Amino acid sequence: MTALKSTSALKATGIESRCAATGMRMTEQRRVIARVLAEAADHPDVEELYRRCVAVDDKISISTVYRTVKLFEDAGIIERHDFREGTSEEIEKLQAEIARKLGFKLVDHRLELYCVPLNDDKS
């Protein structure tokens, strides 16, 4: 008799086995993150990944998710995709500089602008 694994279990095993192949120590929180990534039918950003992971383990912090995603990316286990259309180098540099001046290293960001039309009245 042959036992069949679900597709999501195969994906989770694939990510976890790639982690093991690099010699990465797999904590339980890293396993949760790897499994949530493997089960994703879409391409979640880090904040969405965090929301999904917290639903599985409410002790996972956003910083753990950021660090783990960076670790997986650096090890070649996952790839970062930027689905935004066009970015401004000036804005990218400015955001990193502001973070540095405030004593932080920028690891990710999202810029949202909410606008209303300019009032042409000069009164």
Side-chain angles (χ1 to χ4, degrees):
M1 180 171 171
T2 304
L4 300 175
K5 292 183 179 181
S6 70
T7 304
S8 62
L10 287 173
K11 287 180 187 175
T13 301
I15 288 178
E16 291 179 74
S17 65
R18 282 183 269 163
C19 290
T22 67
M24 186 181 301
R25 187 173 67 89
M26 288 301 287
T27 65
E28 192 53 41
Q29 291 182 334
R30 287 181 185 169
R31 287 185 199 286
V32 168
I33 295 166
R35 290 175 184 158
V36 169
L37 279 170
E39 293 171 359
D42 58 349
H43 300 281
D45 62 13
V46 177
E47 291 179 15
E48 178 59 27
L49 177 60
Y50 167 69
R51 282 189 284 277
R52 294 177 191 182
C53 289
V54 166
V56 176
D57 179 353
D58 65 357
K59 292 179 179 69
I60 293 178
S61 70
I62 186 76
S63 60
T64 296
V65 176
Y66 271 106
R67 282 192 308 270
T68 302
V69 165
K70 177 83 169 108
L71 183 69
F72 287 177
E73 184 182 3
D74 290 348
I77 294 164
I78 62 172
E79 293 179 11
R80 178 182 302 262
H81 292 279
D82 186 359
F83 294 107
R84 290 176 243 158
E85 304 224 76
T87 59
S88 163
E89 281 298 312
E90 186 177 344
I91 291 173
E92 301 303 312
K93 289 177 184 174
L94 182 59
Q95 292 174 131
E97 181 64 18
I98 290 169
R100 190 188 63 72
K101 284 182 179 178
L102 295 172
F104 295 95
K105 176 184 174 189
L106 185 65
V107 293
D108 198 9
H109 68 279
R110 180 185 329 216
L111 176 63
E112 295 182 23
L113 302 174
Y114 300 93
C115 304
V116 296
L118 291 172
N119 186 353
D120 287 339
D121 271 340
K122 302 202 178 188
S123 47

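This structure is a prediction, so every number in the text was calculated from the model and none was measured.
Between the CD atom of Glu16 and the CD1 atom of Ile33 there is a distance of 11.5 Å, given to the nearest 0.5 Å. We find the CG-CZ distance between Leu71 and Arg25 to be 10.5 Å, quoted to the nearest 0.5 Å. We find the CD-NZ distance between Glu97 and Lys101 to be 4.5 Å, quoted to the nearest 0.5 Å. Expressed to the nearest 0.5 Å, how far CZ of Arg80 lies from CG of Asp74 amounts to 9.5 Å. Considering CD of Glu73 and CD of Glu79, their distance stands at 9.0 Å, rounded to 0.5 Å. One finds the CD atom of Glu92 at 8.0 Å from the CG atom of Leu106 (value rounded to the nearest 0.5 Å).
A donor-acceptor contact shorter than 3.5 Å links the side chain of Gln29 to the backbone of Lys59.
In this structure, Asp45 and Glu48 approach most closely via the heavy-atom pair OD1-N, 2.8 Å. When all heavy atoms of Ile60 and Tyr50 are compared, the pair lying nearest together is O-CE1, 3.3 Å. Listed here is the closest heavy atom pair of Pro44 and Asp42: CD-O, 3.3 Å.
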- Message: If you apply the rule side chain to side chain contact (heavy atoms under 4.5 Å, CB included), what do you find for Ile98 with Gln95, and how did you get there?
- Response: CA-CA 5 Å; Ile98 290 169; Gln95 292 174 131; 5.9 Å; no

- Kindly indicate, with the supporting measurements, whether the criterion side chain to side chain contact (heavy atoms under 4.5 Å, CB included) is fulfilled by Met24 and Phe72. CA-CA 9 Å; Met24 186 181 301; Phe72 287 177; 3.6 Å; yes

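A side chain to side chain contact (heavy atoms under 4.5 Å, CB included) with Leu37 holds for exactly one of Thr68, Val32, Leu49, Ile77; it is Leu49.
With hydrophobic clusters built from ILVMFWY side chains whose heavy atoms lie under 4.5 angstrom apart, Leu94 shares a cluster with Phe104.
With sequence neighbours excluded, no residue satisfies side-chain hydrogen bond (donor to acceptor under 3.5 Å, both in side chains) with Arg30.
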